[in-house]
Amino acid sequence: MRRIAPELLDTENEVPDEKGLPELPNLDKWDHIVMRLAPFPSGPLHIGNARMVILNDYYVKRYNGELILVYDDTIGSDIKVVEPEAYDLIKEGLDYLGVNVHKTVYKSDRLEIFYKYAVDLIKRQKAYVCDCDAEIWRNEYKIQKKACPCRSLSVEENLARWEKMLDGTYPERGAAVRLKTGMDDPDPAMRDHVILRISESEHPRVGSKYRVWPLLEFSWGIDDHELGISHIIRGKDLVKEGKIEQHIWDIYGWKHPELIYYGRLRFQDASLSKSKSRQEVKDGIYTGWDDPRTWSLQSLAKRGIHPDALRKAMLDLGLSIVDISISMKPVYSENRKIRDAESPRLFLVFSPVWLNINGLPDDITKAKAPVHPDFPDRGVREIPLERENGSLTLGIPKKDFESMGDGTLFRMKDLANFILHKNEPYSAEFHSKDVDVIREKGGRILHWVPHKTNVEIEVSMVDGSLLTGLAEPSARSLKVDDFVQFERVGFGRVYSIDEKIKVAFAHK
RNA sequence: GCCCCGGUAGUGUAGUCCGGUCCAGCAUGAGGGACUCUCGAUCCCUCGACCCGGGUUCAAAUCCCGGCCGGGGCACCA
């Protein structure tokens, strides 16, 4: 073999790994790869969060590691509120994406751990309880790089204050624990950050059991170690938090998990706002958390966006820390690649213009169109041409009707060629049967729908609007979850069939 | 004001760490064509980029300096 055709061996050797993404750093430092997904449960995962999820899941699978789902459900703030239903919605999104979670952890179950470390840090004089007013602290101390009086308090006094935080002596905002990262740090963002504070808000899972809650940088400084996380892939909005985490790891001499940041994702053709979505869902303006305008994973699933299409598109973005502005088009392109072959074709006409058909030979009683043009063996759809009171009426899209002049030759696909007559009542005069005529003379080929036997279909568009279209009779055999292509219109998924067939539009 | 990060075709990405094989690869997009009874799919062609200026070097997208531009942080949010 090597002697006869060595070039074959060579190409074989060069093909192997098409891994688009780089290796994770410092793999040799870790016995096994442990990563985590840390969503804040304020709503379902949307397409913007998909990057975080897919990246982590990808690497865990690549290295046969472990993936921990950590609901980052600390108390949040007035604007960032834990939404009870979000826990399940998030899980649902992960299932859709095919993410395999090995363990699930709730931050809100771990307060005692954080308390233990808080006390320890106070005892080590690495943290202190500060009762300064936040604004005063910022202006008088942080900006001036000066230590506030609380910073030099004794361990005993700090511990006493800590107890007062826990027992309710201090009101909300009355005191907070600060980590001594250094008041002289050149970066103002790094000066003695608050790591625990008081909140009396009710928590959906643990109620009012706790009134002192950790901040993200502290809870993760502890938990990334406690949970044995080896690699952290997160948005670059968290780099400051990463630095504070490292500070904590150094206090305890813990091994540093590898930190990898990716840039912010903006969508050119979608505006993402979880808080706006929540409002609109609550107000009933959106149909629910699967409304296309939420861009939730649920909404993509409803539209028949295959998870692999999303996954591919997200992985193609790589791991760059640069902020990027992307389009949904690559996702749609991938989805088409995956689903085109399976999608049966149908005619669907929005706002039809009805034409009286004249001169069609009587022996033409039905049209036959392929279920899928690339797979003739899947058979044909039959569209019966039933006369009403002796005359036949067919509908064509208004858009096409309006853009064609009187006397235009056109073809109704899989039926015949006609001359358009635009004087009322609108009609079409049979011209010829053969498609080659159109090919020779030019003229557009339209989809169309019969007046008598059509099927009403409600299509929910990406912008939230609902359009009613009329489809050919074979639409009656559609089932929920079918992904179809309406010729010249676009792809969509049947999501419900009751009195109406309902389709969520996916893309062109 | 102070800190940090980054700038490759319209968009996204590979290459940048360890300078040459990069007159820069890929995807998507756009334009054109072939084929197809869809505005889908498939096939072919074309368009189009290393932020700027210096420096180092035989050689720089890759290293150094300066500038410009962009993003982010400076919350008792995540």
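Just so it is clear, the model here is predicted, and its values are computed rather than measured.
Note: A:H507 and A:F491 have tilted aromatic rings, judged against thresholds of 30 and 60 degrees for the angle between ring planes. Using cut-offs of 30° and 60° on the angle between ring planes, the pair A:Y71 and A:Y106 is parallel.
The shortest heavy-atom contact between A:P344 and A:F483 is CD-O, 3.2 Å. A:A313 approaches A:V331 most closely through the heavy-atom pair CB-CG2, 3.6 Å.
Considering only side-chain atoms of A:A134, the nucleotide from B:rG40, B:rC76, B:rA78 that sits closest is B:rC76. Among B:rA41, B:rC77, B:rA78, the nucleotide with an atom closest to any side-chain atom of A:L238 is B:rA78. Here the side chain of A:A176 is nearest to one of B:rC39, B:rU38, B:rC76, namely B:rC76. Among B:rA41, B:rG73, B:rA78, the nucleotide with an atom closest to any side-chain atom of A:A189 is B:rG73. Closest approach to the A:R439 side chain among B:rC39, B:rA41, B:rC37 is made by B:rC37 (side chain taken as heavy atoms from C-beta onward). Comparing B:rG40, B:rU28, B:rU38 against the side chain of A:R336 picks out B:rG40 as the nearest. Considering only side-chain atoms of A:K240, the nucleotide from B:rC74, B:rU13, B:rC39 that sits closest is B:rC74. Between B:rU28, B:rA78, B:rC76, one nucleotide has an atom nearer to the side chain of A:S333 than all others, and that is B:rU28.
B:rU28 is paired with B:rG10 under the criterion used here, namely a Watson-Crick or G-U wobble arrangement in which both key atom distances are under 3.5 Å. Pairing of B:rU36, defined by two Watson-Crick or G-U wobble distances under 3.5 Å, is not identified with any nucleotide. B:rA59 makes up no base pair with any nucleotide shown, lacking Watson-Crick or G-U wobble contacts both under 3.5 Å. Across every strand in view, B:rU21 sits unpaired, with no contact that passes the Watson-Crick or G-U test at under 3.5 angstrom.
Within the nucleic acid shown, A:D316 comes within 4.0 Å of sugar-phosphate atoms alone, with no base atom in reach, counting heavy atoms only. Contact annotation for A:R411: base contact, defined as any heavy-atom pair under 4.0 Å involving a base atom. Using a 4.0 Å heavy-atom criterion, one finds that A:V322 contacts the sugar-phosphate atoms exclusively. Counting any heavy atom pair closer than 4.0 Å across all strands shown, A:S199 reaches no nucleic acid atom. In this structure, A:L216 reaches the bases: a heavy-atom distance under 4.0 Å links it to at least one base atom across the strands shown. Residue-level contact check: A:D72 touches the backbone only, with heavy atoms under 4.0 Å from sugar-phosphate atoms and none from bases. Here A:S320 lies in heavy-atom contact (under 4.0 Å) with sugar-phosphate atoms only. Across all strands shown, A:Q268 has heavy atoms under 4.0 Å from sugar-phosphate atoms exclusively, and none from any base. Within 4.0 Å (heavy atoms only), A:S42 reaches no atom of the nucleic acid at all. Backbone-only contact: A:F491 has heavy atoms under 4.0 Å from sugar-phosphate atoms and none from a base.
Comparing A:L446 and A:P186, the nucleotide of RNA chain B nearest to each residue sits closer to the 5' end for A:P186.
Comparing the P positions of B:rU28 and B:rA41 gives a spacing of 10 Å, expressed to the nearest Å. Taking atom P on both nucleotides, B:rC69 is separated from B:rA30 by 33 Å, rounded to a whole Å. Comparing B:rC18 with B:rG12, their C1' atoms are spaced 27 Å from each other, to the whole Å. A distance of about 37 Å separates the P atoms of B:rC26 and B:rG73, rounded to the whole Å.
Side chain to side chain, A:W249 and A:D224 fail the donor-acceptor criterion of an N or O pair below 3.5 Å. In this structure, a donor-acceptor pair under 3.5 Å is absent between the side chains of A:D192 and A:Y141.
Stacking of A:R211 on the aromatic ring of A:Y170 is not recorded, the 6.0 Å distance cut-off and the 45° axial limit not both being met.
Using a 4.0 Å cut-off, no side-chain N or O of A:K243 falls inside it from OP1 or OP2 of B:rC3. Between A:R264 and B:rG72 there is a side-chain polar atom (N or O) within less than 4.0 angstrom of OP1 or OP2.
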